[in-house]
K.L.:
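Can you keep this structure in mind? I'll have questions shortly.
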There are 2 protein chains.
Amino acid sequence: MADAVSRLRSAGERVTPARYAVLRVVDAADLADEHLTAEQIGARVAEVEPSVHRATVYRTLTSLAETGVLSHVHLGGSATVYHLAEPPVNHHGHHGHVQCHVCGRVLDVPPDTFDGVARRLLDELGFVLDTGHAALLGTCADCR
Amino acid sequence: MADAVSRLRSAGERVTPARYAVLRVVDAADLADEHLTAEQIGARVAEVEPSVHRATVYRTLTSLAETGVLSHVHLGGSATVYHLAEPPVNHHGHHGHVQCHVCGRVLDVPPDTFDGVARRLLDELGFVLDTGHAALLGTCADCR
DNA sequence: ATCGTTGCAAAGCATTTGCATGCCT
DNA sequence: AGGCATGCAAATGCTTTGCAACGAT
């Protein structure tokens, strides 16, 4: 979090109240293992810092993601969620995501979960898998 | 295709010019290994059967998917594409999809590609993976 | 003849953009 | 002081919906 702010600064990006509020919201959600959409983030920012305009939240999320402070995951069902970016753990990629299409919950999975597929895709198609960028769909244990 | 029409009929759904046009478009795209969004399908339908309204295309796609004649895949980047539904091949699920986030191309991958992940997710989380329902992102051979 | 489907137009919703002002650095 | 970031409001683009007319069975 403080780390995120300093990374922002060293990337030459300004730290404004709006951006700080967005970071706080995303950070809090992260700690609670929540995955928020731009819209949801906007709503929470509005509670904490009502002066921040929705459009600014969208612009902020975009630039923070470009800067690498945040990363986003595309969920099935056309929503995009954000979380604080983490440095790659080792030779594996970032952690992955799976989503239950019944309850909508998003589960984090360890980075090496996709090693097998990643390997096959690379060998057979020359396709480099970006493990953390899209969520797979299925049914979670609770919803079966 | 003819098969699709009869499945529609036996599901108690009516076969209208609009639905027939949508099926033709999706079928043609399928043969060409193309993956079309609702919008794109709408555009092609308009060329072939101009009297069909956009709203009808959306409604048609929804009901055809519910009926099981079509299936849809959520791509990363918030687009949903449709193709003719295929009967499950064997004990594996349906074929999967990966998308290149550089050129946007969608590649089909064999159903067993995800066996490893599916197994792990089931063992570790009790999560049942729906292999054909969401696309993973990465970089294709041509774009590296 | 029935009732599911359609066309139309309008509403809905999330997201984006132009522009003048404000504020971080 | 300089220039990026913001607020505002309007526009955009995709998708949905209410309703009366239509047509597949």
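Order of the sequence lines fixes the chain letters, A, B, ..., with proteins taken first and strands second; residue numbering starts at 1 for each chain. Note that the structure is a prediction, hence the values are computed from the model and not measured.
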K.L.:
OP1, OP2 of dT6(C) versus side-chain N and O of R59(B): anything below 4.0 Å?
P.N.:
no
K.L.:
Does the pair R44(A)/E34(A) count as a salt bridge with the N-to-O cut at 4.0 Å?
P.N.:
yes
K.L.:
For dG7(C), does OP1 or OP2 lie under 4.0 Å from any side-chain N or O of T56(B)?
P.N.:
yes
K.L.:
Measure the acute angle between the ring planes of H101(A) and H133(B), then classify it against the limits of 30° and 60° as parallel, tilted or perpendicular.
P.N.:
tilted
K.L.:
So where does chain A start and stop touching DNA chain D, 5' to 3', when the test is distance under 4.0 Å to a non-hydrogen atom?
P.N.:
dG2(D) to dA9(D)
K.L.:
With DNA chain D as reference, determine whether G12(A) or R54(A) sits nearer its 5' end, using the nearest nucleotide of each.
P.N.:
G12(A)
K.L.:
Are H94(B) and H83(B) an aromatic pair by the rule of ring centers under 6.0 Å?
P.N.:
no
K.L.:
Between dT6(C), dC19(C), dT5(C), spot the one nearest the side chain of R14(B), thanks.
P.N.:
dT5(C)
K.L.:
Is there a side-chain polar atom (N or O) of Y58(A) under 4.0 Å from OP1 or OP2 of dT15(C)?
P.N.:
yes
K.L.:
Do the side chains of L36(B) and V26(B) get nearer than 4.5 Å, heavy atoms only?
P.N.:
no
K.L.:
Side chains of D108(B) and H35(B) only: does a donor on one sit below 3.5 Å from an acceptor on the other?
P.N.:
yes
K.L.:
So does R120(B) pair up with D115(A), basic N to acidic O under 4.0 Å?
P.N.:
no
K.L.:
So if I take residues 35-52 of chain B and measure heavy-atom distances to DNA chain D, which residues fall below 4.0 Å?
P.N.:
E39(B)
